[in-house]
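Report on one structure; see the data block that follows.
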Amino acid sequence: MSDKIFVFDTTLRDGEQVPGCQLNTDEKVIIAKELEKLGVDVIEAGFPISSPGDYKSVVEISKAVSDPVICALTRAVEKDIEVAADALKYAKRGRIHTGIGSSDFHIKHKFKSTREQIIERGVAAVKFAKKFVEDVEFYAEDAGRADNEFLARMIQAVIAAGATVVNIPDTTGYCLPWQYGSKIKYLMENVNNIHQAVISVHCHNDLGMATANTIAGIQNGARQVEVTINGIGERAGNTSLEEVAMILQTHQMGLHTDIQSRELNKISKLVSTMMNMPVQANKAIVGANAFAHSSGIHQDGVIKHRDNYEIIAPEDVGVDQSSIVLTARSGKAALRFHLTRLGYDLNTKELEEAYQKFLILADGNKDIGDDDLQHMMEGRLVSNNVNIIDVQVVSGSNLKSMATVELDLDGEKHSASESGKSAINAALRAIDKIIGEHMVLDKFDVDSLVHGRREGGKVKIRVLYDDKLYFGYGEGDDLVMASVQAYVDAINKMRFSKNEKTGKVVGMAS
Ligand code: KIV
Ligand code: ZN
């Protein structure tokens, strides 16, 4: 049996069925070309009968892509198959993917039919598709819950009718790995023409088992995996392409894919952005934290030897390097690592002193950035001499936004009111009026935080003052307050810097 695992990507069909993820044809062509670079064997480009957009996408992807097989989905219905064949007319190698339900749930409650009639419909669909293309894949929908003896009869009949690939979908994500693996084993042992076709595994993630089930399937004889980038797909999603590819690359199972793993991070970001579907930070392989180390013990271990806490080299999946995130839980090894990177070569005593300062700094901040470390090393441990006393804002669709801000500035109370384009803008302008300095707001990023019915955000801003950049951070349930905190944080850093240069406290507005 071959040791090559064929990768069938269904991001543009099963993935794209997700509400809010719809793409236009041009966008699908961009992703299809990236999938070709990634090295997938088959691209499922759409379900042509379902909409003119899907039809057009199959046509355009067939024209734009030459290496992978282009596949079009149908039901076991002649009209679907005719339309799919027509959409595939430009494909160098086209495949029709037809099929019908195989579980008793589907047979009785969806098709109101019998097992024997369903086999006949499946066989007829394969024979009809064979009139148009040589390569016909048959899917036995909901095979995960189908009776194995019936499923084996169905699969044997469709292979005899000409199916080249037989897809055994766990449509509802029901199976456990040992159950799904033994289903594939059963088919390998009980379908007497099974070697005339490739078994394909198509798993959904309703119980978080999609990748494990896919691996169980290939361990038992399947040689094609149906997957999506970032695991997107109906409900809890499909099997993630990147997880399967990296499992086969990491473990010596005697199996391989043709996936160019260094492309994974790039295509993950492209799909996430285009489909408007954020990747969870702790997602395996492509999540923002997949190569980020934050606890002191892990940071120390990874700095001593990367293999201590990393089983995949980040560059193998297209990530530049692992990150050692500095937080209050970081240890001295992580601090030394970053300070060395910034050009500070410290002896043990100096590191100890720096670490004590760092702990104070880290206590009041979420993440410590390079600018914070630089300030700290220059002996400028920022202590706030601008503090927020009160912020009041008024805004509405027919009102100009107004803000009144009261600040404690070097121990004295000052307040100012300003109008602005938004409540945040008005509040920042009121602060400018109190501080009396001309700062340029250079960057303003908000990461939203949603806790149940409470919403808020983390605000990161950057201000330019006297040719230098100062960073500020704030967070909370109220975005105006988080923004004010971030702005005041940056102002405190700016005032420290200026104070040091002039040797006195910065002047206030008169
Ligand atoms: O999950 C499923 O059963 C499918 C088929 C249409 C292949 O997506
Ligand atoms: Zn599916």
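Values below: all heavy atoms of this structure, side chains included; hydrogens, waters and symmetry mates excluded. Since the structure is predicted, the reported quantities are computational estimates derived from the model, not experimental observations. If you read the sequence from its start, that first residue is 1, and numbering goes on from there. For ligands, and for the atoms within them, numbers begin at 1 and follow the listed sequence.
- For ligand 1, the atoms closer than 4.0 angstrom to any heavy atom of Thr171 are 1 (O), 2 (C), 3 (O).
- Contacts between Thr10 and ligand 1 below 4.0 angstrom, taking non-hydrogen atoms only, are absent altogether.
- Ring planes of His204 and His202: tilted class, angle from 30 to 60°.
- Geometrically, ligand 1 and Arg13 share a nitrogen or oxygen pair separated by less than 3.5 Å.
- Here the closest heavy-atom approach between residue Asn265 and residue Gly318 is recorded as ND2-O, 3.5 Å.
- Qualifying salt bridge (Lys or Arg N to Asp or Glu O under 4.0 Å) partners for Lys421, counting only residues two or more places apart in sequence or in other chains: none.
- For His204, every heavy-atom contact with ligand 1 shorter than 4.0 Å involves the side chain, none the backbone.
- Between Asp135 and Gly94, the shortest heavy-atom distance links the atoms CB-O, 3.7 Å.
- Considering only residues two or more places apart in sequence or on other chains, Arg223 meets the salt bridge (Lys or Arg N to Asp or Glu O under 4.0 Å) condition with none of them.
- Distances below 4.0 Å separate heavy atoms of Pro169 from the following atoms of ligand 1: 2 (C), 3 (O).
- The shortest N/O to N/O separation between His202 and ligand 1 falls below 3.5 Å.
- At under 3.5 Å, not a single nitrogen or oxygen of Asp142, backbone or side chain, sits near a nitrogen or oxygen of ligand 1.
- His298 and Tyr309 have parallel rings, their planes meeting at less than 30° on a 0 to 90° scale where 60° marks the start of perpendicular.
- Within 6.0 Å of CG in Asp320 there are 12 or fewer heavy atoms belonging to other residues, nucleotides or ligands.
- Residues passing the salt bridge (Lys or Arg N to Asp or Glu O under 4.0 Å) test with Lys63 are Glu60, sequence neighbours excluded.
- For ligand 1 and Asn167, the ligand atoms under 4.0 Å from any heavy atom of the residue are 7 (C).
- For Asp41 and Lys4, the salt-bridge test passes: some basic side-chain N is under 4.0 Å from an acidic carboxylate O.
- Less than 4.0 angstrom separates some heavy atom of Glu141 from each of these atoms of ligand 1: 3 (O).
- Under 2.8 Å from the Zn ion (ligand 2), one finds the following protein N/O/S atoms: Asp14 OD2, His202 NE2, His204 NE2.
- The pair Arg153-Asp147 does not count as a salt bridge, with every side-chain nitrogen at least 4.0 angstrom from each carboxylate oxygen.
- Those atoms of ligand 1 with a heavy atom of Asp14 less than 4.0 angstrom away are 8 (O).
- Between Arg462 and Asp445, none of the side-chain N atoms (NZ, or NE/NH1/NH2) sits under 4.0 Å from a carboxylate O, so this pair counts as no salt bridge.
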